[in-house]
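Atoms within each ligand, like the ligands themselves, are counted from 1 in listed order.
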Amino acid sequence: AKKHKVTIVGSGNWGSTISKIVAENTRLHKDVFEEQVQMWVYEEDVAIPSSSKHFKGNDKPQKLTSIINTHHENVKYLPGITLPSNIVANPSLIDAVRDSTILVFNLPHQFIGKVCDQIRGKILPYARGISCIKGVNVSDDGVSLFSEWIGDGLDIYVGALSGANIANEIAAEKWSETTIAYDPPAMDSRAPSPRSGSPQPLFTVTEVPDAFHRDARGRKSRTKLTGVPSEYPPLDHDCFRTLFHRPYFHVQMVSDVAGVSLGGALKNIVALAAGFVDGRGWGDNAKAAIMRIGLMEMVRFGKEFFGETVQSATFTESSAGVADLITSCSGGRNFRCAKKAVEKGITVDQVEQQDLNGQKLQGTTTAYEVNSFLKARGLEKDYPLFTAVNDILKGTRKVDDIPQLVAAVDDE
Ligand code: NAD
Ligand code: 13P
């Protein structure tokens, strides 16, 4: 039997953390996965910081891949955390994805388009993906999830992983939960795994060219899928739980790809608003009000544009919904940068540049993208908090305007 080869496309703060989790599990489950995990690194020259245990007094910049492969640490994006030695940092994207059956997309959403352009036609036709990206893709056609957009571009099926997952806490192996949404095409179906019943596959499909399935909105997908050959272990919920679940990282498997993806994207807009009001010193009640209103707008957005499939419970009950909203409004980077921007009287972009050492915020671009989508449809007024965040970032509104802008009743 063949084993699944796994590639992590991305190696930032979360990309490196997910690589650690996955590599710990491929080491434990050598019957299912190849032990070695490829991690694509956007190559850059990095000087080992003097605070690092690997600093030798010679701070000449070196290739980041070489530092990671020598010291098993991403000293720039996940400093202080030892990575498993079965992670191979690879600067060649095409080489890193070659022959992998599982592709985990984990990089800031602004870079994914170029990555997909480069690997189109260079991956196994029956590969399957998981998107850990928190953002939405807005184009003239409307709004799409990164899972569906990557899937359409590469002609593979892609699910989503999202949750209350501040990377540094998980890298330090502090307990958290996550939600993985995976709703595989029928051609991937097998009998229940031996653990839960018959070891015999119901049916196996070695190759089904031009087969269709339902996308995350319940429509007939445009993606032309190829079935996973039956020599591989089934790529089902059990397989993905085995790949991602750790004692400190508890996985809940669901099928609502749209809800999970939207939760992770839209909460970043709300986290900026929470940072704005905290930066004004308005306290916990104001922040709770932002979270309440933000959650309502998230549910409304899901129902309005992905209503065929999205479940409100994904927003209100899963780690990818309300739990991620709470953690992001407490200690996420979007929250922290927005708060500091208000306190210092500078822009969020300036704080991102000064404080994040190359890490990227997703909330600012998501706020602009969602706003352009809503504006084009005349719907800005239905989403007053999302609209306020966009306007504050652009300087046309002030933080002090928020209570009035989101007021359910006019108190004048
Ligand atoms: P990050 O914020 O650490 O971003 C830095 C990464 O971007 C680095 O790997 C860098 O090499 C890469 N990069 C910079 N320029 C690039 C370019 N031109 N092309 C390609 N890559 C380039 O990234 P992250 O924290 O790993 O976030 C990835 C995704 O995961 C985001 O959508 C984020 O919202 C989500 N996420 C992050 C966290 C977290 O706590 N960091 C938690 C959950 C989800
Ligand atoms: P930030 O990108 O705002 O740090 O949010 C991290 C996150 O997604 C926590 O779940």
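- When only interatomic distances are considered, the shortest N/O to N/O separation between Q359 and ligand 1 does not fall below 3.5 Å.
- Any N or O atom pair closer than 3.5 Å counts here, and A167 shares at least one such pair with ligand 1.
- Between W40 and ligand 1, not a single N/O pair is under 3.5 Å apart.
- Taking the six-membered ring where tryptophan is involved, the planes of W40 and Y42 are perpendicular, since the angle between them exceeds 60° and thus also 30°.
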* Begin from the C-alpha positions of F276 and I290 and carry the test side-chain contact (heavy atoms from CB on, under 4.5 Å) through to its verdict. => CA-CA 10 Å; F276 290 150; I290 292 293; over 6 Å; no
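- Considering backbone and side-chain N/O atoms, K134 comes within less than 3.5 Å of an N/O atom of ligand 1.
- Not one N or O of N168 is nearer than 3.5 Å to an N or O of ligand 1, by distance alone.
- Those atoms of ligand 1 that come under 4.0 Å of a heavy atom in N106, given as number and element, are 26 (O), 28 (C), 29 (C), 30 (O).
- The shortest N/O to N/O separation between I166 and ligand 1 does not fall below 3.5 Å.
- At least one heavy atom of R333 sits less than 4.0 Å from an atom of ligand 1.
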Could you list each N/O atom of ligand 2 together with any protein N/O atom closer than 3.5 Å, one pair per line with the distance?
unit_1   : atom_1 : unit_2 : atom_2 : d
ligand 2 : 2 (O)  : R333   : NE     : 3.3
ligand 2 : 2 (O)  : R333   : NH2    : 3.0
ligand 2 : 2 (O)  : N334   : ND2    : 3.4
ligand 2 : 3 (O)  : R333   : N      : 3.1
ligand 2 : 3 (O)  : N334   : N      : 2.9
ligand 2 : 3 (O)  : N334   : ND2    : 2.7
ligand 2 : 4 (O)  : R333   : N      : 2.7
ligand 2 : 4 (O)  : R333   : NE     : 3.0
ligand 2 : 5 (O)  : K267   : NZ     : 3.2
ligand 2 : 8 (O)  : K134   : NZ     : 2.8
ligand 2 : 8 (O)  : K267   : NZ     : 2.8
ligand 2 : 10 (O) : K134   : NZ     : 3.0
ligand 2 : 10 (O) : G163   : O      : 3.0
ligand 2 : 10 (O) : N165   : N      : 2.9
ligand 2 : 10 (O) : D324   : OD1    : 2.6

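- At a 3.5 angstrom cut-off on N or O pairs, P108 does not count as close to ligand 1.
- Under a 4.0 angstrom heavy-atom cut-off, S11 registers as being in contact with ligand 1.
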